[in-house]
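Here's the structure we're looking at; comments come further down.
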Amino acid sequence: MKTLQRTFTIIKPDAVQKNAIGDIIEQFEKNGFKILAIKMLEITKHQAEQFYAVHASRPFYGSLTDFMSSGPIVVLALEKENAIADLRMLMGATNPAQAEEGTIRKKWATNIEFNAIHGSDAEDTARFELSFFFAGYELSK
Ligand code: UDP
Ligand code: MG
């Protein structure tokens with residue numbers, strides 16, 4: 001029996017600015033991800049700090065949260081078998097210089113900071129991140 005898993009992704013402000021929304025969503029669908037929920041919005045610096053709280057002690061925290069609150073983003077809830085690991089694979093490495101050919105970051109990222117896309121890295125972070133941006137009724141499919 002197939003076990004479906006949910007993950008959370010953000011098309012970051014740099015990718016929205018580059019008109020990459022359509023291409024990235026096409027990659028999700030071509031790679032077997034079901035779009036459960038989607039919305040475009042802007043977040044405040046404070047909201048970005050809360051979302052990335054796990055990185056609060058990292059040197060890039062201030063710059064990352066400035067970036068993530070600098071313009072519109074698109075947030076999506078995705079579902080497929082093995083969704084969390086498969087999305088990480090489709091995204092490519094955090095640093096696009098190390099991203100594999102055919103990945104979203106290889107195609108769209110500018111550098112290790114402006115790297116086009118966020119994806120949850122584990123089941124617990126997926127749960128937190130989905131609930132940060134989506135209410136229960138938006139995901140009750
Ligand atoms: N980041 C950065 N400098 C770094 C590492 C990460 O600006 O040296 C940013 C980048 O936008 C990255 C985000 O912080 O996507 C979160 O970092 P993480 O290590 O969780 O990478 P990811 O899970 O996004 O691949
Ligand atoms: Mg991460």
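Ligands are counted one by one from 1 in listed order, and the atoms in each one are counted from 1 as well.
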Residue-ligand contact Met68/ligand 1, heavy atom below 4.0 Å: no
Whether Arg58 lies under 4.0 Å from ligand 1, heavy atom: no
Non-hydrogen atoms of Asp14 and Asn115 that approach each other most closely: OD2-N, 3.5 Å
For Leu64 against Glu113, the heavy-atom pair lying closest together: N-OE2, 3.3 Å
Protein residue, atom and distance nearest to atom 11 (O) of ligand 1, heavy-atom basis: Glu113 O, 2.8 Å
Part of Met91 within contact of ligand 1 (heavy atoms, under 4.0 Å): neither
Polar side-chain atom of Glu138 near backbone of Ala135 as donor-acceptor pair, under 3.5 Å: yes
Nearest non-hydrogen protein atom, atom 9 (C) of ligand 1: Leu64 CD1, 3.8 Å
Side-chain heavy-atom pair Thr9, Phe28 within 4.5 angstrom cut-off: yes
Nearest neighbour of atom 25 (O) of ligand 1 from the list Thr94, Asn111, Val54, on a heavy-atom basis: Thr94
Atoms of ligand 1 close to Asn115 [distance to a heavy atom under 4.0 angstrom, numbered from 1]: 10 (C), 11 (O), 12 (C), 15 (O)
Heteroatom proximity flag, His118 to ligand 1, N/O under 3.5 Å: no
Least distance between heavy atoms, Lys45 atom then Ser69 atom: N-CB, 3.5 Å
Shortest protein heavy-atom distance from atom 23 (O) of ligand 1, along with the residue and atom involved: Arg88 NH1, 2.8 Å
Nearest non-hydrogen protein atom, atom 24 (O) of ligand 1: Arg105 NH2, 3.0 Å
Shortest non-hydrogen contact between Thr110 and Pro96, atoms and distance: C-CG, 4.2 Å
Test item: Ile73 and Leu41 side chains (from C-beta on) under 4.5 Å apart, heavy atoms: yes
Student check: side-chain heavy atoms of Ile11 and Ile25 closer than 4.5 Å: yes
Ligand-side contact atoms (ligand 1) for residue partner Lys12, heavy atom cut-off under 4.0 Å: 10 (C), 11 (O), 12 (C), 15 (O)
Residue and atom name of the nearest protein heavy atom (relative to atom 4 (C) of ligand 1), distance in Å to one decimal: Phe60 CD2, 3.4 Å
Protein heavy atom at shortest distance from atom 16 (C) of ligand 1: His55 NE2, 3.6 Å
Ring geometry between His118 and Phe51 (parallel below 30°, tilted from 30 to 60°, perpendicular above 60°): perpendicular
Ile112 heavy atom under 4.0 Å from ligand 1: yes
